[in-house]
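Every heavy atom of this structure was used, including side-chain atoms; hydrogens, water molecules and symmetry mates were not. By convention here, the first residue in the shown sequence is residue 1.
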Amino acid sequence: MPMEQPQAPPTASGAVHPGVDRAFFDRVDLHLIRVLHTVLVEHSVSRAALRLGMNQPAVSAALKRLRDLTGDPLLVRSGAEMVVTDVAQQMLEPAAAVLRAAQTLFTEARAFDAATSTATFNIAASDYLDPLFLPRLVTDIKRLAPLAHVEIHALTREADYRAQLAQGEVDLVIGNWLQPPDDLHIAQLFSDEVVSLVSRDHPAAQSGWSADQWLAAEHVAPMPTYPGARGIIDQVLSSQGLARRIVVRSAYFGLIPEMVAHSRLVLTTGRQHCERVARELPLAIVPCPVPMPPLHYYQLWHSRSQHASGARWLRERVKQTIAQL
């Protein structure tokens with residue numbers, strides 16, 4: 001008598017998934033998919049364990065289960081680094097989609113209650129903003145949502161914020177763009193005048209300068225956010241057929257004012273940031289002699305969070321914090 005073959009689980013329409021049986025789905029749960037997504041994003045078992053709040057052996061055990069399920073190593077060594085395999089790369093977005101769907105199913109179906117929410121808000125922000133902005137934003141979030149978690153991510157040359165938003169790794173991106181991307185939702189937060197910051201002993205602080213003198217000065221600028229990128233100041237100069245002399249670049253924008261205070265370096269950025277740091281250091285704010293449009297700061301988010309109540313609450317907190325400053 002022939003043995004009865006196990007039936008595959010039905011689809012939403014009542015059909016079955018060919019070649020996939022119930023035993024397979026019994027071995028997969030949401031936690032395992034979360035581990036998969038985090039390991040692939042972090043390229044590291046140890047970093048994934050920290051982000052998940054798990055111990056490393058538990059993540060390694062989950063990764064072994066995933067390798068058994070897929071028949072693929074998922075993460076392999078390349079020199080001193082770990083890289084994802086081609087199979088794993090193809091699994092990244094589907095895993096993110098499953099996690100987003102689960103969040104919608106169990107969280108976003110209910111109204112957001114800040115007082116009881118244990119959500120994690122992931123914010124990627126430029127440090128060109130007013131230095132008080134992020135501290136005050138975090139304080140405001142924790143005051144209203146004391147059980148929530150906040151993770152602040154840097155906008156660096158290694159970060160692809162579009163992919164991070166699309167995959168749910170980041171909820172909100174805050175920064176300034178000459179032309180903000182048109183494939184994301186955008187809300188302008190504020191505009192700021194472009195000025196230059198110099199040491200109080202700099203000649204320009206005493207007698208001003210011409211456009212030629214400003215262009216020939218020793219400028220310091222932040223590191224480009226991706227290879228070949230130019231900042232807003234240099235994009236505007238290029239459109240006028242001009243170029244300044246940048247002699248120092250720094251990946252740490254917050255350290256630049258200290259460099260400027262004790263040298264002949266010139267930092268050109270928004271007035272609001274300059275006014276904050278000039279109160280603490282021997283710095284002077286001087287006009288930029290080359291015409292510059294205002295700097296416009298925006299918050300950006302993906303369509304996936306457009307109607308999510310928690311995400312809407314977060315965007316409102318950002319607006320309120322900016323308004324208070």
Side-chain angles (χ1 to χ4, degrees), residues 41 96 100 103-104 107-108 111-112 114 117 119-145 148-194 222-226 229 231-233 235-236 253-254 269-276 292-325:
V41 167
R100 290 197 298 267
Q103 182 183 29
T104 300
T107 304
E108 299 302 339
F112 178 77
S117 174
T120 297
F121 296 111
N122 286 277
I123 303 165
S126 163
D127 60 352
Y128 311 161
L129 291 157
D130 186 316
L132 293 182
F133 168 68
L134 286 173
R136 289 196 180 180
L137 175 62
V138 171
T139 300
D140 188 42
I141 291 173
K142 291 301 295 176
R143 176 177 60 84
L144 297 173
H149 299 260
V150 182
E151 294 190 5
I152 306 295
H153 303 257
L155 285 178
T156 66
R157 58 194 289 131
E158 291 81 18
D160 182 348
Y161 66 84
R162 283 185 174 88
Q164 289 175 325
L165 286 169
Q167 294 170 8
E169 298 168 31
V170 167
D171 302 302
L172 199 61
V173 174
I174 303 168
N176 60 331
W177 291 266
L178 191 60
Q179 289 292 334
D182 57 9
D183 56 335
L184 296 168
H185 292 273
I186 302 168
Q188 185 171 324
L189 294 171
F190 70 98
S191 297
D192 203 3
E193 177 191 4
V194 173
M223 198 70 74
T225 53
Y226 59 89
I232 289 176
I233 304 301
Q235 290 180 59
V236 172
F253 189 82
T269 188
R271 175 178 287 277
Q272 189 163 306
H273 188 281
C274 292
E275 287 181 347
R276 296 287 187 200
M292 290 279 170
L295 295 176
H296 299 298
Y297 290 82
Y298 305 87
Q299 56 178 335
L300 314 177
W301 64 96
H302 195 270
S303 294
R304 68 175 188 82
S305 62
Q306 168 71 356
H307 302 292
S309 55
R312 291 200 305 269
W313 181 87
L314 176 61
R315 295 195 293 268
E316 185 59 30
R317 297 275 61 74
V318 170
K319 287 172 56 180
Q320 291 297 325
T321 301
I322 288 292
Q324 292 166 7
L325 289 172

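Take Thr120 and apply the side-chain contact (heavy atoms from CB on, under 4.5 Å) test, not counting sequence neighbours, and it matches Asn122, His149, Glu151. Scored by the salt bridge (charged side-chain N to carboxylate O under 4.0 Å, His left out) test, Arg271 finds Glu193, Glu275 as partners (sequence neighbours excluded). With sequence neighbours excluded, no residue forms a salt bridge (charged side-chain N to carboxylate O under 4.0 Å, His left out) with Arg315. Shown here are the salt bridge (charged side-chain N to carboxylate O under 4.0 Å, His left out) partners of Lys319, two or more places apart in sequence or in another chain: Glu316. Evaluation of the side-chain contact (heavy atoms from CB on, under 4.5 Å) rule for Ala114 yields Phe112, Ala145, Trp313 as partners, not counting sequence neighbours.
The side-chain heavy atoms of Arg276 and Leu325, taken from C-beta on, include a pair separated by under 4.5 Å. Within the 4.5 Å cutoff, no side-chain heavy atoms of Leu189 are placed close to those of Tyr298. Ile123 is listed as a side-chain neighbour of Leu314, based on a closest heavy-atom distance under 4.5 Å. In this structure, Leu295 and Ser191 have side chains that are not in contact, with every pair of non-hydrogen atoms separated by 4.5 Å or more. At a threshold of 4.5 Å between non-hydrogen side-chain atoms, the residues Tyr297 and Gln188 do not count as touching. When side chains are defined from C-beta on, Gln272 does not count as touching Cys274, because their heavy atoms never get closer than 4.5 Å.
One N or O on the side chain of Arg312 and one on the backbone of His307 form a donor-acceptor pair closer than 3.5 Å.
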Identify all side-chain donor-acceptor contacts of residues 172-183 below 3.5 Å with residues at least two apart in sequence or on another chain.
residue: Trp177; atom: NE1; partner: Tyr161; partner atom: OH; Å: 3.3
residue: Asp183; atom: OD1; partner: Arg162; partner atom: NE; Å: 3.4
residue: Asp183; atom: OD2; partner: Arg162; partner atom: NE; Å: 3.3

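Rounding to the nearest 0.5 angstrom, the gap separating the OG atom in Ser305 from the CZ atom in Arg100 is 10.0 Å.
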Intermediate values then yes/no, side-chain contact (heavy atoms from CB on, under 4.5 Å), Phe121 and Ile141 = CA-CA 9 Å; Phe121 296 111; Ile141 291 173; 4.1 Å; yes
Hey, mind stepping through Arg317 and Leu144 against side-chain contact (heavy atoms from CB on, under 4.5 Å) and telling me if it holds?
-> CA-CA 10 Å; Arg317 297 275 61 74; Leu144 297 173; 3.4 Å; yes
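A distance below 6.0 Å separates the ring centres of His273 and Phe253.
Pairing each heavy atom of Asp171 with each of Trp301, the nearest pair is O-CB, 3.8 Å.
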